Amino acid sequence: MSEPSTADTVEAGPAGMVTDRDPTDAPVMIHLDGVEKVYTPGAAPAVEKLTLDVHKGEILVLVGPSGCGKSTTLRLINRMIEPTSGRIVFDGEDVTDIDANELRRRIGYVIQRIGLFPHQTIAENVGTVPRLLGWDASRTQQRTDELLDLVGLEPGIYRDRYPKELSGGQAQRVGVARALAADPPVMLMDEPFGAVDPITRDRLQNEFLRLQAEVQKTIVFVTHDIDEAVKMGDRIAILRERSVVAQLDTPARILSYPVDEFVDDFIGSGSTLKGLHFERVSGLDIPDYPVIRRDTSREEAQRILEGSDFRWLLLLDERGRPARWLNDAHVADTSRPLHEVGPVVRAMVERNATLHDALEAMITSSAGQAVIVHRDGTYAGVVQIELLTEVIGRMRREARRHYEALEANQAADATADAAGTA
Amino acid sequence: MSAPTTDAGTTDTAAEEGPRTARLAVLRGELGLIVTPVVLGLAFLAYWTWLGAQDLSMQATSALTTDNLVRQTREQLTITALSTVGVLIIAIPLGIGLTRPRGQRFAGPALAIANAGQAVPAYGLLVLALAVLGGVFGRANDNFLQNTLGEWLGPGLVITVISLILFAILPVLRNTMVGLQQVDQDIIEAGLGMGMTRREVLWRIEMPLAVPVMLAGVRTALVINVGMATLAFLIGGGGLGVTIRSGIQLSQNIVVLTGGVLTALLALSIDWLGGVVERVLRPKGI
Ligand SMILES: Nc1ncnc2c1ncn2[C@@H]1O[C@H](COP(=O)(O)OP(=O)(O)OP(=O)(O)O)[C@@H](O)[C@H]1O
Ligand SMILES: [Mg+2]
């Protein structure tokens, strides 16, 4: 965040993005150029003139209402469906007309309902592509065990099982392992965690994100669940009918600045709250807050409280950790020492927590504010609701400015073009 | 074919109950496969002993020589084997072809013809075949069927086998098609999506998954053929039907009974054999 890349970049403000890497900085891995699919000649296309870049190492999520063409778009990439028109460029190579089977062996594919081969063991399922590529048995076996380990299935237990002997979540993992088998640079995943209960899905998502941090694949991920999109995506493409891109951006920017009513409706209520997942406490500019120590006198405490704009004082214990909240009444209560009056501080968050966590702490705190602590539990600051309001406002402004800049660029380009052709 | 269960409550049972119920089924199937031949063997011994204790007329004795019975049984088995092999050679490739994208539109007509083949009464089919094929035999003197196969096996047998093939093609054809069609589209898509060719998907995925249904059709065809082979005597094809006919002509009930019992035991043995093959060839995991 140190080098100011463009002049109009908003000051790398206190509210830094959680993922501060810009996915579009990486080279383009998949380039769709005006790709179109018409299933029934004469009817409306299922995918209409789609131009889209997927960058190396990013998870691009395609999300949109049912029937909008997400699966079709995905299947156009590995040519399970032949495009009616347009070009598909894969890692710099035009693959629109090459042998589809050869292309598919370079792309991991997890289909909507997994599709494990029921008559083959888990190991045979996972070893499908290596076998197609002609690997020898021992290399395939070694790779299979490695992958089962990677997706959290003990090879000794699961290797020789058949798909029907797995639970839904285990089958999904095998599906992912099978797609990863020949270490393809690209993975296409069509609602890979669709067929499991919410708790299992959450676990699979987390595991997969951890796995992705390790393997760094280029992934196109289809879902119809905006929450899954926000969680999994480095960028999200919100699609409307005929696979037309309504908005394509980072989750944080989409949540804070939906470009139109369709996107707004689609991300639904609570988008502001969801946006708080993308900001960390450590990025906040936290104002001074009145604190007292165990040895501070009552008179001193009274003076500090009167002299501040806040209704509560924070009392730290002898090791510098937040202990109690004190207001006027507590400070005036002479019946007990200060460190025995006032509500005990319970809601604390660490500096690397998200603002969403901070908000949760705030709501549960008796003083209505969240205490920030260092890793060792010592006091680091206090966050108040006003600060969150401010951050939300700033996120919106940043996103809006981003889009205004984009528009201005486009307008400038258009003018330049017009001047060029004139 | 259980798709993995979709909710948390059942995940564990899916993992544990699957193998257990499968084991039970295996046990039940295997028990039948072990008991059946024993029962059939005992029944044969019992009948044979009983027959030996009978005071047979001269006519009966001459009809029921061991030589005769063994030869007829062998003829019956030859007819069964040849016609079943013929059915497999024709019906399986046809069934595969009719489920491929290019063959699909012929599936309806082909099934209609196969249906018709089975709907014609067996006796009628044999006579028809005799009339038609007999004509062919008669006219073309250097016909391969007559001169080579016919000399080797006897013209009656050839015609019988051809008729039985027509008659028993339906179950194998239909089951091949159904077996291939019921393979989950998702599984095929997964195979293609990983870069398998259409042919690899057919041989490695679709065929193994269709095998149980196909084998059920083959077993049906076997049983039809071994039963129908009894009618081969009508056109000089031999088989145990010859003994039954002599019994009727000579009014020797015991001869008729012996022919009938042997035919029944043979059919049951063949069905058992079909069951064994089904068990052995069924892929694990489904
Ligand atoms: N093989 C096909 N032949 C004809 N039309 C098709 C075919 N496959 C899909 N369609 C149509 O194309 C459109 C897009 O379908 P697609 O499967 O891509 O939607 P989707 O966004 O993946 O939906 P979902 O979220 O329900 O999976 C739909 O209107 C669908 O009816
Ligand atoms: Mg879909």
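Note that the structure is predicted; figures quoted are calculated from it, not measured. Quick note on labels: first sequence line is chain A, next is B, and so on, each numbered from 1.
Heavy-atom pairs under 4.5 Å with chain B peak, among A:Arg104, A:Glu102, A:Arg75, A:Arg106, at A:Arg104. Chain A forms more heavy-atom pairs under 4.5 Å with one residue of B:Arg204, B:Glu189, B:Glu200 than with any other, namely B:Glu189.
With a threshold of 4.5 angstrom between heavy atoms, A:Ile199 does not approach chain B through any atom at all.
When the shell of 6.0 Å around NE2 of A:His31 is examined, it contains more than 12 heavy atoms from other residues, nucleotides or ligands. Within a 6.0 Å radius of CD in B:Gln185, other residues, nucleotides and ligands contribute 12 heavy atoms or fewer. Counting non-hydrogen atoms of neighbouring residues, nucleotides and ligands closer than 6.0 angstrom, the CD atom of A:Gln142 reaches no more than 12 such neighbours. Few gaps surround CZ on B:Arg100; more than 12 heavy atoms of other groups in view lie less than 6.0 Å from it.
The minimum heavy-atom distance linking A:Asn101 with B:Met196 is given by the pair OD1-O, 3.3 Å. When every heavy atom of A:Pro118 is checked against every heavy atom of B:Ile187, the shortest pair comes out as CD-CD1, 3.5 Å. Minimum heavy-atom separation, A:His119 to B:Pro208: CD2-CB, 3.4 Å. The heavy-atom pair separating B:Ala190 from A:Ile114 by the smallest distance is CB-O, 4.2 Å.
Here A:Asn78 contributes atom CG and B:Met194 contributes atom CE; the two are 11.5 Å apart, rounded to the nearest 0.5 Å.
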